[in-house]
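These notes concern the structure reproduced below.
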Amino acid sequence: MPDNSFSQEASPAGLFSAEFFNCLISSETSNRFSLSDYFETAYGRQYDFCGSLPYLLSQREVSVTPPFSQEIAGLHAFCLLYTRSGSGMLSCDNAARIQASYELTPGTLAFIDCEKHHKLVCGHNVWAYTICFVSPPVSSYYHQKMEKMGGCIFRLSSDSDALLLWEQLTNDRTDDEMHGLLRARTLIALYTQLYLTRTMQLHGSRHIPSYITDMKKNFDTSYAEACSLDMLSSRYQVNKFRLCREFAKYYGDTPLQYLNKVRIEKAKELLLHSDEKVGTIGQLVGIENTNHFIRLFKEKTGVTPLAYRKETPGM
């Protein structure tokens with residue numbers, strides 16, 4: 001029988017997985033998932049464009065349950081991680097080189113420099129995400145730019161151009177030079193869109209219609225007040241469909257999606273720092289129906305309010 005050991009070691013999956021595990025500091029996984037599963041879809045690295053353009057090293061749709069964690073540093077690659085459902089935690093150094101933690105919730109895209117020390121943890125739910133490892137060319141330029149402009153965690157709305165580009169990138173799994181170039185083009189377009197989004201958030205506020213900024217301010221400060229699209233349309237004298245489209249253009253979510261996001265974040269604070277009952281907390285953040293509050297909380301976080309209070313450290 002022929003000896004296939006050399007070809008296996010030289011395969012794209014073998015090459016990159018070896019690099020990954022050499023840089024793995026610590027990990028913990030349940031029986032449902034192994035970190036080696038990341039490399040079931042790995043791509044060739046022998047094409048001419050690989051020295052100049054970004055290309056995918058591997059990609060995988062993942063579903064993990066506690067206990068799950070991975071801690072890495074020194075990996076010569078970048079990681080794009082998009083949360084489909086549930087939630088996880090990312091710990092890494094921010095632009096000021098201060099250790100920071102970020103909750104990765106549904107619709108969140110994290111752009112991670114794997115050279116830097118970082119850790120992913122699934123603490124108390126089923127966390128479903130798609131992960132892509134990407135080569136450094138071009139990726140490092142965009143990552144540095146965006147990190148200086150407020151970080152590399154993005155919330156992608158359902159109708160955003162960035163989400164369409166992400167889906168285009170991850171749906172193409174053909175491993176040849178032409179498709180590799182197409183993925184490189186999509187990656188650059190995705191990076192550019194994320195960069196433009198961050199630029200608009202930082203420098204474009206003067207161009208945002210005043211009724212949009214006023215609406216956001218009211219959501220941030222008066223989140224407990226009753227609200228509906230019809231009420232907003234009447235208040236600002238703007239068609240509710242245009243109102244949704246414009247708000248999502250600047251802030252990534254529709255008005256009610258953004259409001260619910262604020263309400264859930266406030267509810268988390270109350271769950272951890274007060275003894276109020278779940279129903280009372282729902283009312284305090286503007287959600288009168290307790291069952292609706294519990295459903296919405298679980299939809300956004302992957303756990304019920306009581307489970308969050310019980311399982312989250314710091315209570």
Side-chain angles (χ1 to χ4, degrees), residues 20 27-43 56-70 72 77-92 101-112 114 118-134 151-173 183 186-187 189-191 193-194 197 248 251-254 256-258 260-261 264-265 268 294-304 307-308 311-312:
F20 176 89
S27 66
E28 185 176 15
T29 60
S30 63
N31 293 330
R32 292 184 56 186
F33 177 74
S34 168
L35 291 178
S36 61
D37 294 340
Y38 279 154
F39 313 107
E40 288 183 358
T41 302
Y43 297 96
L56 289 191
L57 295 158
S58 69
Q59 69 170 4
R60 184 71 155 77
E61 291 186 356
V62 175
S63 180
V64 297
T65 56
F68 171 82
S69 67
Q70 66 179 61
I72 293 176
F78 287 79
C79 170
L80 292 166
L81 190 153
Y82 177 76
T83 297
R84 305 192 307 276
S85 63
S87 65
M89 294 297 299
L90 166 66
S91 299
C92 62
S101 295
Y102 306 93
E103 186 174 19
L104 305 182
T105 54
T108 300
L109 179 69
F111 184 17
I112 305 166
C114 297
H118 67 279
K119 186 174 184 178
L120 297 172
V121 178
C122 175
H124 50 237
N125 57 67
V126 178
W127 182 21
Y129 59 88
T130 303
I131 189 167
C132 294
F133 290 97
V134 188
C152 296
I153 308 295
F154 299 88
R155 171 76 178 181
L156 306 187
S157 64
S158 59
D159 59 350
S160 68
D161 291 337
L163 183 58
L164 292 175
L165 289 165
W166 172 257
E167 292 173 346
Q168 181 180 339
L169 176 70
T170 54
N171 287 337
D172 177 10
R173 300 192 178 187
R183 282 191 293 272
T186 304
L187 270 168
L190 174 62
Y191 291 155
Q193 185 61 44
L194 294 175
T197 298
Y251 296 114
D253 293 304
T254 66
L256 296 187
Q257 285 174 340
Y258 182 87
N260 282 332
K261 183 177 178 181
I264 295 303
E265 289 304 312
K268 287 180 182 178
I294 293 172
R295 285 196 299 270
L296 183 63
F297 191 95
K298 187 172 183 180
E299 176 187 320
K300 298 297 183 183
T301 68
V303 294
T304 65
Y308 183 85
E311 298 175 13
T312 302

Could you pull out the closest heavy-atom pair between [X] and [Y], with the gap in Å?
X: P106; Y: G86; result: CD-O, 3.1 Å
X: T83; Y: T105; result: CB-O, 3.3 Å
X: R84; Y: T130; result: NH1-OG1, 3.0 Å
X: A162; Y: Q193; result: N-CG, 3.8 Å
X: S157; Y: D253; result: CB-N, 4.3 Å

Does any non-hydrogen side-chain atom of [Y] lie less than 4.5 Å from one of [X]?
X: L80; Y: L187; result: yes
X: K119; Y: M89; result: no
X: L56; Y: T41; result: no
X: Q59; Y: I131; result: no
X: E40; Y: R60; result: yes
X: F20; Y: F39; result: yes
X: V126; Y: V64; result: no
X: C132; Y: T170; result: yes

**Message:** Checking N125 against S87: is there a side-chain donor and acceptor pair closer than 3.5 Å?
**Reply:** yes

Assign the ring pair [X] / [Y] to parallel, tilted or perpendicular, where the plane angle (0 to 90°) is split at 30° and 60°.
X: Y251; Y: Y258; value: tilted
X: F133; Y: Y38; value: perpendicular
X: F68; Y: W127; value: perpendicular

Could you state the interatomic distance from [atom1] ([X]) to [atom2] ([Y]), rounded to the nearest 0.5 Å?
X: C122; Y: Q70; atom1: SG; atom2: CD; result: 11.5 Å
X: L81; Y: H118; atom1: CG; atom2: NE2; result: 9.0 Å
X: I72; Y: C92; atom1: CD1; atom2: SG; result: 12.5 Å
X: L109; Y: L190; atom1: CG; atom2: CG; result: 6.5 Å
X: S85; Y: Y129; atom1: OG; atom2: OH; result: 12.0 Å
X: W166; Y: N171; atom1: CH2; atom2: CG; result: 10.5 Å

For the side chain of [X] and the backbone of [Y], is there at least one donor-acceptor N/O pair under 3.5 Å apart?
X: D37; Y: F33; answer: no
X: T301; Y: V303; answer: yes
X: Q257; Y: T254; answer: yes
X: R155; Y: T108; answer: no

**Request:** Verify side-chain contact (heavy atoms from CB on, under 4.5 Å) between T186 and D172, making sure each step is shown before the conclusion.
**Result:** CA-CA 10 Å; T186 304; D172 177 10; over 6 Å; no

**Message:** Both conditions, 6.0 Å and 45 degrees, for the charged tip of R183 above the ring of Y43: are they met here?
**Reply:** yes

Between [X] and [Y], does the ring centroid distance fall short of 6.0 Å?
X: F111; Y: F154; result: no
X: F297; Y: Y308; result: yes
X: Y191; Y: F78; result: no

**Message:** Looking at K268 and E103, is there a salt bridge between them, counting it only when a charged N and a carboxylate O are closer than 4.0 Å?
**Reply:** yes

